[in-house]
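Residue numbers start from 1 in every chain, and the chains themselves are labelled A, B, ... in the order their sequence lines are given, proteins ahead of strands.
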2 protein chains.
Amino acid sequence: MKNRLKVLRAERNWTQAQLAEALSVSRQTVNAIETGKFDPSLPLAFKAARVFGMPIEAIFQDEQEQ
Amino acid sequence: MKNRLKVLRAERNWTQAQLAEALSVSRQTVNAIETGKFDPSLPLAFKAARVFGMPIEAIFQDEQEQ
DNA sequence: AAGATATGTAAAGCAAACATGACTTTTTGA
DNA sequence: TCAAAAAGTCATGTTTGCTTTACATATCTT
């Protein structure tokens, strides 16, 4: 699962801490997701979609082509 | 998190077991998600979107309006 | 009535998604 | 240059997604 969080954050000049607060998760969680340590839960992905005002698919991409 | 899995299944005349196989999860997992016991992971939501040929938002709905 | 099929549910266990706290490294700006 | 801010990382703990096994119930056919 790839994601564009870092880019979307940069476009808005947000820090990981600011995004974390907008999503009501910890800064470490945002960092871990950005660096690919784990995938967000579905509810968190929905929150991100709401925060960025775009569909989930525009933020997260399934890299499993299978 | 609400979902339309039961309806989408019915439209296709699929059993929970058939959907489970298409998603490569257990039948109990499909049942638990349908009955709201827990939310699917993001990768599993992507799989469902691929199986049904529609965006994640057309299958799962965030009911938190907050 | 009896068997087959579909669904619901429960318990136990594992792995992944989070949390908190603390520390190090990198980037930034005055 | 140097300090502050941002980002990265590690350890530890809790919660939740998901598994397997097992059993109960409902419906449908024969």
Nearest whole Å is fine: how far is [N] [atom2] from [X] [atom1]?
X     : N      : atom1 : atom2 : result
A:N13 : C:dT28 : CG    : C1'   : 12 Å
A:E21 : C:dA19 : CD    : P     : 13 Å
B:L5  : C:dT7  : CG    : C1'   : 15 Å
A:R9  : D:dA7  : CZ    : P     : 5 Å
A:F38 : D:dC10 : CZ    : P     : 14 Å
A:D39 : D:dG17 : CG    : P     : 14 Å
B:N31 : C:dT5  : CG    : P     : 19 Å
B:Q16 : C:dG8  : CD    : C1'   : 8 Å

First of A:T35 and B:I33 reached from the 5' end of DNA chain D, by closest nucleotide: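 Result: A:T35.
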If you measure from [atom1] on [X] to [atom2] on [Y], what distance do you get to the nearest 0.5 Å?
X     : Y     : atom1 : atom2 : answer
B:E63 : B:M1  : CD    : CE    : 7.5 Å
B:Q18 : B:N13 : CD    : CG    : 8.5 Å
A:L19 : A:N31 : CG    : CG    : 11.0 Å

Test for a donor-acceptor pair under 3.5 Å between the base of D:dT21 and the side chain of B:Q28, counting only N and O atoms.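 Per atom types, the contact qualifies.
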Is there a donor and acceptor pair closer than 3.5 Å between the side chain of B:R27 and the base of C:dG8?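 Looking at the base of C:dG8, it does pair with a donor or acceptor on the side chain of B:R27 (distance under 3.5 Å).
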If you look only at pairs with a residue in residues 7-56 of chain A, which of them pass as a ring pair (Phe, Tyr, Trp, His ring centres under 6.0 Å), with sequence neighbours excluded?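 For residues 7-56 of chain A, and leaving out neighbouring residues, the ring pair (Phe, Tyr, Trp, His ring centres under 6.0 Å) pairs sorted by first residue read A:W14-A:F52.
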Any side-chain N or O of B:K37 under 4.0 Å from OP1/OP2 of C:dT9?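 Affirmative; the distance criterion is met.
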side-chain N/O A:T29 vs C:dA17 OP1/OP2, d < 4.0 Å: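 Result: no.
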When you measure from the side chain of B:N3 to the backbone of B:I33, do you find a donor-acceptor pair of N or O atoms at a distance under 3.5 Å?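 Side chain of B:N3 to backbone of B:I33: a pair is present.
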Is the side chain of A:R27 donor-acceptor paired with the backbone N or O of A:A20 at a distance under 3.5 Å, no angle test?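 Answer holds: no.
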Rounded to 10 degrees, the angle between the two terminal axes of the helix from C:dA1-D:dT30 to C:dA30-D:dT1, each from five pairs: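 The two end axes of the helix from C:dA1-D:dT30 to C:dA30-D:dT1 meet at 40°.
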Pick base, sugar-phosphate or nothing for A:T15, based on heavy-atom distances below 4.0 Å to the nucleic acid.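 A:T15: backbone/sugar contact only, no base atoms under 4.0 Å.
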Select base, sugar-phosphate, or nothing to describe what A:S41 touches, counting heavy atoms under 4.0 Å on all strands.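 It contacts sugar-phosphate atoms only.
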What nucleotide, of D:dG17, D:dG8, C:dG8, holds the atom closest to the side chain of B:K6?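 Of all the options, the side chain of B:K6 is nearest to C:dG8.
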Close side-chain approach of A:L8 to A:E11, heavy-atom, < 4.5 Å: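 In short, these two side chains touch, coming nearer than 4.5 Å.
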